Amino acid sequence: MSQPYSADARQYATATERNRQPILTVLQQVLPSMGTVLEISSGTGEHITYFAPRMSHLQWIPSEPQAEARQSIQAWGEALPSANLWMPPLALDVSVLPWPVERPVATDALEQRLRSEPITAIVNINMIHICAWKMCAHLMAGAGRILPREGVLYLYGPFRRAGEPMAASNEAFDQMLRDRDPNWGIRDLAKVTALANQHGLRLEQVIEMPANNLSVVFRRQG
Ligand SMILES: C[S@@+](CC[C@H](N)C(=O)[O-])C[C@H]1O[C@@H](n2cnc3c(N)ncnc32)[C@H](O)[C@@H]1O
């Protein structure tokens, strides 16, 4: 018998099953104890729908510039509903100002939510090497605009580090990215940090993660 038609728009990113638990373990240590976490570049939505029910003291807002991916996030949100997970995902491209969490474009409902649960953290997983470098500048500028003093910007992904050769797997990944788009590529942590500093964000922690990735934690200064 043929399968019934399914309108399930859920997408699956193979790395997520491997990295979501190690990332969650770090987030449980570094995210603020209250407020709203804005995820930028939620992709399929698998990360945020895993994190939200496991960190239920926080509110979670997914965002993603690609419409098809937003459908996936919505579908994951419907399959794994969590009272603290905002839906629908926001159409947020870091280079388009203002961000949909900012005045004057935030909807009344969102503004109301953010008044009671202000954004205290931004989570951004596997984005800055898969877009132009200027997007990293937009990300840092936006984090500088919307995070309060002591707010956290969390990045996850592969990075270059001065004086340390990259793992062969990351060198191959970097080459693959550059072949696909010369503007893409694994970023230098010192350059990322310098950009963050320009927007009032201080590097607080760098945590080694499986498969030669890093968790990088920035904190907004007063
Ligand atoms: C490799 S995917 C990572 C998705 C997800 N965070 C994950 O780890 O599975 C890169 C993501 O960055 C998003 N992205 C690229 N450029 C962006 C931009 N200018 N603003 C926001 N997100 C962007 C893409 O749409 C895509 O979802």
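Atom set for the values below is all heavy atoms of this structure, side chains included, hydrogens, waters and symmetry mates excluded. Since the model is a prediction, treat every value here as computed from it, not as a measurement. Whatever order the structure lists them in is the order used to number ligands and atoms, beginning at 1.
Looking at ligand 1, you won't find any N or O of Ser42 less than 3.5 Å from one of its N or O atoms. Residue Thr44 has no nitrogen or oxygen atom sitting less than 3.5 Å from a nitrogen or oxygen atom of ligand 1, judged on distance alone. Where the criterion is an N or O separation shorter than 3.5 Å, residue side chain and backbone included, Ile125 meets it with respect to ligand 1. The shortest N or O to N or O distance between Ser95 and ligand 1 is not below 3.5 Å. Considering backbone and side-chain N/O atoms, Cys131 never comes within less than 3.5 Å of an N/O atom of ligand 1. Where the criterion is an N or O separation shorter than 3.5 Å, residue side chain and backbone included, Ser41 meets it with respect to ligand 1.
Judged by the 6.0 Å distance and 45° axis criteria, Arg161 is not positioned over the aromatic ring of Phe159.
Between Thr25 and the choices Gln28, Gln21, Gln29, the side chain to side chain donor-acceptor pair (under 3.5 Å) rule is met once, by Gln21.
By the 4.0 Å heavy-atom criterion, Pro65 is counted among the residues contacting ligand 1.
Each of the following atoms of ligand 1 lies closer than 4.0 Å to a heavy atom of Ile130: 1 (C). Annotation for ligand 1: atoms under 4.0 Å from non-hydrogen atoms of Leu92 are 21 (C). Interface of Gln66 with ligand 1, defined as ligand atoms under 4.0 Å from a residue heavy atom, comprises 24 (C), 25 (O).
The nearest heavy-atom contact from the protein to atom 26 (C) of ligand 1 is Glu64 OE1, 3.8 Å.
A salt bridge links Arg115 to Glu111: at least one charged side-chain nitrogen sits closer than 4.0 Å to a carboxylate oxygen.
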